[in-house]
Amino acid sequence: MLIVMEDGASEEDVARVVAQIEAMGYRAHPIAGTTRTTVAVTAVQGPLNPADFEGLARVKEAIPVSQPWTLVSREARVGPTQVTVAGRALGAGRLAIIAGPCAVESHEQTAAIARAVKAAGAHFLRGGAYKPRTSPYSFQGLGEEGLKILARVREETGLPVVTEAMDTETLDMVADYADVIQIGTRSMQNFPLLRKAGRCRRPILLKRGMSATIEELLMSAEYIAAGGNQQIILCERGIRTFAAHTRCTLDLSAIPAVKARSHLPIIVDPSHGTGRRDMVRFLSRAAIAAGADGLLVEVHNDPDHALSDGAQSLLPDQFAGMMDEIRAIARVVGMTL
Ligand code: PEP
Ligand code: MN
């Protein structure tokens with residue numbers, strides 16, 4: 001159930017309604033919009049009667065929510081959510097480009113790539129310090145040393161950092177270094193990790209599980225939001241299909257599908273989505289044209305010797321060329337970079 005407050009209801013009015021809902025035995029989550037506040041009611045077993053809420057002071061209406069996610073639903077907010085990281089906004093008409101290596105390998109490598117993607121117009125640096133690898137014998141990431149390198153490169157370049165947390169044990173440490181915490185495709189339904197991310201003070205970049213439906217993606221986002229963290233960016237990164245010409249099938253229909261159901265921003269990762277450097281540029285262009293709020297792109301200065309995902313990593317000059325095209329398409333679809 002969503003409780004829509006009257007326009008101009010004060011913080012005290014909202015706090016009183018929250019207390020009244022909690023006294024009924026439910027949980028109440030205020031969601032501040034640009035013109036009005038909505039209070040989402042969760043922890044509900046069985047049907048609710050809108051009339052029980054519509055009688056509360058300064059409540060305009062109570063709207064039953066038909067889908068199983070409430071806080072991230074389209075109805076929960078007027079308009080799309082904009083996530084702001086280190087002064088840079090993402091969503092609601094503002095595109096953000098996140099670029100960098102798959103894995104942090106050294107300070108020299110990360111700094112060189114960061115300088116190159118910044119010069120080409122990227123807004124965030126990505127790079128994994130904890131890498132979820134299919135094989136236990138593959139490079140697993142530098143761990144905390146990698147986080148320290150990312151923090152140092154942020155100081156040197158001014159680029160905010162996006163990096164993955166793989167488990168509940170290291171989430172707090174990753175949050176100490178990162179500006180945005182990525183939850184990867186293999187962790188999308190790691191419910192203890194989602195719950196802890198919900199209590200985290202950093203924005204979360206939640207990637208779609210490679211076999212997950214849009215509904216499952218939104219339910220995972222709801223876990224984070226229910227914990228109190230509404231700063232969530234969704235990411236389409238390709239799903240498993242029978243197609244063998246790409247690593248995954250990038251599902252660009254996820255963009256309008258998410259936007260029809262949720263106020264959260266959604267970005268696209270064409271690197272993992274295709275697994276092929278020669279396709280990244282085309283799918284990036286298509287993603288922005290289809291309404292994505294940004295891109296997550298792997299870039300490496302020596303992809304032949306990359307410790308992970310070299311085959312899908314763009315060279316810095318290829319990334320720069322792609323950014324010129326993205327700027328042109330952004331203008332056409334009315335988005336600002
Ligand atoms: C990554 O971003 O490097 C990564 C491992 O992504 P995914 O979880 O989408 O495979
Ligand atoms: Mn990767």
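We count residues from 1, following the sequence as given. In listed order, ligands and their atoms are each counted from 1.
- Looking only at protein heavy atoms, the nearest one to atom 4 (C) of ligand 1 is His272 NE2, 3.4 Å.
- The shortest side-chain heavy-atom distance between Pro68 and Glu215 does not fall under the 4.5 Å cut-off.
- With a 4.5 Å cut-off on side-chain heavy atoms, Thr70 and His29 do not count as touching.
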- Message: Set out, in order, the CA-CA distance, both residues' side-chain angles and the distance that settles side-chain hydrogen bond (donor to acceptor under 3.5 Å, both in side chains) for His300 and Asp309, then state yes or no.
- Response: CA-CA 9 Å; His300 203 290; Asp309 286 347; over 6 Å; no
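- In the vicinity of Cys102, heavy-atom distances shorter than 4.0 Å reach the ligand 1 atoms 3 (O).
- Shortest contact from atom 10 (O) of ligand 1 to any protein heavy atom: Arg237 NH2, 2.9 Å.
- Near Glu298, with a cut-off below 4.0 Å to any heavy atom, the atoms of ligand 1 are 3 (O).
- Partner of His107 under the side chain to side chain donor-acceptor pair (under 3.5 Å) criterion, chosen from Glu156, Glu145, Lys148: Glu156.
- Scanning the protein for heavy atoms near atom 8 (O) of ligand 1, the closest one is Thr185 N, 2.8 Å.
- Of the listed options Glu164, Lys131, Arg247, Arg208, Lys131 places a heavy atom closest to atom 3 (O) of ligand 1.
- Nearby protein atoms of type N, O or S around the Mn ion (ligand 2) amount to 4 (distance under 2.8 Å).
- In terms of polar-atom proximity, Gln182 is counted as a contact of ligand 1, with an N or O under 3.5 Å from an N or O of the ligand.
- Checked for salt-bridge contact, Arg126 and Glu298 meet the test: a charged N lies under 4.0 Å from a carboxylate O.
- Open room surrounds CZ on Arg195; 12 or fewer heavy atoms of other groups in view lie less than 6.0 Å from it.
- Ser313 is not listed as a side-chain neighbour of Ser271, based on a closest heavy-atom distance of 4.5 Å or more.
- For ligand 1, one of its N or O atoms has an N or O atom of Arg186 under 3.5 Å away.
- No hydrogens or angles considered: nothing links the side chains of Gln67 and Arg261 as a donor-acceptor pair under 3.5 Å.
- When Met210, Arg133, Lys207 are checked for heavy-atom proximity to atom 6 (O) of ligand 1, Lys207 turns out nearest.
- In summary, Arg201 and Asp176 engage in a salt bridge, as defined by a charged side-chain N under 4.0 Å from a carboxylate O.
- Atoms of ligand 1 lying under 4.0 Å from any heavy atom of Gly184, numbered from 1 in the order shown and given with element: 8 (O).
- Here the side chains of Asp251 and Arg208 are in contact, with some heavy-atom distance below 4.5 Å.
- The one candidate from Met5, Glu12, Arg58 that meets the side chain to side chain contact (heavy atoms under 4.5 Å, CB included) condition with Val17 is Met5.
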